[in-house]
Amino acid sequence: MVLQETYTLTNGIKVPKLGLGTWQIPEGEQTYNAVMWALQNGYRHIDTALAYGNEASVGRAIKDSGIPREEIFVTTKLPAEHKGYKVAYECFEKSLTLLGLDYIDLYLIHAPWPWDKIGSDWTEGNMESWKAFEEIYDSGKAKAIGISNFEPKHIQPLLNGCKHVPMVNQISFHIGNRQEEIVDFCRPLNIKIMAYSPLATGRIIDNKVIVAMAEKYSVTAAQICIRYCLQKDTIVIPKSTKEERIISNAEVDFEISKDDMNKLDQI
Ligand code: NAP
C-alpha cells in the first residue's frame, strides 16, 4: 500500500512517499479536519509552511490524532521572504511553537527568492539561511533539511560552501511539467525530488488524454496524476480539503504501463 511506502534520504531518514499538502487551506477547522482525515485514513506525511498560516491547526490535528509523533513526518518551510542566519532560527522556532512539536522532520527554504521578487539573486541570504539549517539539523531539531523551488543555479552556491548537501528539493512537478533540468541536476547529488502541485493545483484533471487514461485503468484522473509522480520516483503531496478525495488520492496501488507513461510524457 502506497501510504505505507517510504523513500530513504541520504542520511537514512525515511519519508512516506505520499503526503497531504495544505497550501491554501485556511487555519482553523478546515486545516484541522483535512489533516485529521488524512491521518485517520493512513497518511503519515503532512506538508505545511509558516507562510500557509495553518501550522497551529496542523499541530493540533497531529496531537489529537493520538498517533505517536515518531510515526508522522512533518515538513515545514522558512518563508521565501526571510533570508539570513538569525531570521532562519527565529522562523524555525516559530514553526515549532505553532506546530506544538519539539522537532521537524524536514525543514525547507521555501524559495530561492521572495515571491514578489522572483528571479532576483539572493545567493548570500540563502547561504546564510543554510548555515542555520545545518546547525538546526546537527542539533537534531530537524531530521532532514532541504530546499524548494531551487534551480541548479541556486543549488550550486550552496554546494560550494556547505557541510550538508540538501536532502530534498520540493518543486512544482506534474504531468506536463517534468522539470528535467532540475531533476537531472539533483539525481546524482541524491537530492530527493518532492513533487508539489501534482494535480497542477487542479488544472490538469480535465485534460483529455489524462481523462481517457483514467477510464482505461478504471481510476480517477487525479489518481493518474499522483501515480505518474510516484512512477517518476518523486515524493508526492496532493492537497484536498475533502475526505473522499483525501482517501481516493492515496488509492494509487496500480501501475501505469511504460507505453502509457510515455504518452503522459508527451503532454
Ligand atoms: P494540487 O495538490 O496539485 O491540487 C489541489 C487542487 O486539486 C485543489 O483545488 C483540490 O480541491 C483539487 N483536488 C484534490 N484532489 C482532487 C480530486 N481527487 N479530484 C478533483 N480535484 C481534486 O495543488 P497544490 O495545493 O498546488 O499542491 C499540493 C501541495 O504542494 C500544497 O498544498 C503544498 O503543500 C505544496 N506546495 C508547495 C509549494 C512550494 O512553493 N513549495 C507550492 C505549491 C504547493 P479540494 O481541496 O476542493 O479537493
Side-chain angles (χ1 to χ4, degrees), residues 2 15-27 29-35 37-38 41 43 45-55 57-58 61 73-82 95 99 104-118 126 145-151 154 166 168-177 179 182 191-207 210-211 214 217 219-230 234-252:
V2 166
V15 187
K17 288 185 177 181
L18 192 109
L20 178 77
T22 64
W23 179 42
Q24 292 180 315
I25 313 185
E27 165 73 352
E29 202 184 353
Q30 285 194 58
T31 295
Y32 180 87
N33 286 342
V35 173
W37 288 326
N41 287 290
Y43 284 64
H45 180 178
I46 309 294
D47 181 80
T48 183
L50 186 56
Y52 299 170
N54 58 16
E55 287 174 306
S57 299
V58 170
F73 192 96
V74 180
T75 299
T76 194
K77 313 180 192 89
L78 170 68
E81 69 275 20
H82 291 315
S95 284
L99 284 159
I104 300 295
D105 294 278
L106 175 63
Y107 197 47
L108 303 175
I109 299 181
H110 207 142
W113 12 247
W115 296 114
D116 60 351
K117 296 187 182 70
I118 290 179
N126 286 322
I145 47 175
I147 51 189
S148 178
N149 297 296
F150 272 53
E151 298 165 30
H154 306 121
V168 169
N169 190 8
Q170 184 184 112
I171 54 171
S172 171
F173 184 101
H174 51 78
I175 296 171
N177 181 28
Q179 302 263 36
I182 301 179
I191 301 175
K192 191 73 192 166
I193 299 295
M194 190 184 292
Y196 79 62
S197 303
L199 314 176
T201 320
R203 291 191 313 272
I204 50 168
I205 43 183
D206 295 331
N207 176 282
I210 299 174
V211 170
Y217 285 86
V219 297
T220 67
Q223 287 167 333
I224 290 287
C225 296
I226 294 162
R227 182 70 211 177
Y228 175 88
C229 294
L230 291 169
T234 66
I235 307 163
V236 60
I237 48 169
K239 168 260 179 187
S240 181
T241 47
K242 301 182 175 63
E243 187 173 18
E244 66 278 11
R245 287 180 176 174
I246 290 171
I247 294 170
S248 73
N249 287 348
E251 291 170 341
V252 285

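Both counts, for ligands and for their atoms, begin at 1 and track the order of listing. On a predicted model such as this, the values are computed, not experimentally measured, just so you know. All residue numbers in this chain count up from 1 along the given sequence.
- Scanning for salt bridge (Lys or Arg N to Asp or Glu O under 4.0 Å) contacts around Lys17 gives Glu5, with sequence neighbours left out.
- Looking at Thr31, its side chain does come within 3.5 Å of a backbone N or O of Pro26 through a donor-acceptor pair.
- Using a 4.5 Å heavy-atom cutoff, the side chains of Asn177 and Ile204 are not in contact.
- Taking the six-membered ring where tryptophan is involved, the planes of Trp23 and Tyr52 are tilted, since the angle between them lies from 30° to 60°.
- Residues with a heavy atom under 4.0 Å from ligand 1: Gly21, Thr22, Trp23, Asp47, Tyr52, Lys77, His110, Trp115, Ser148, Asn149, Gln170, Tyr196, Ser197, Pro198, Leu199, Ala200, Thr201, Gly202, Ile205, Ala222, Ile237, Pro238, Lys239, Ser240, Thr241, Lys242, Arg245, Asn249.
- Using modelled atom types and a 3.5 Å distance limit, the side chains of Asn41 and Glu243 yield a donor-acceptor pair.
- A side-chain N or O of Ser95 and one of Glu55 form a donor-acceptor pair less than 3.5 Å apart.
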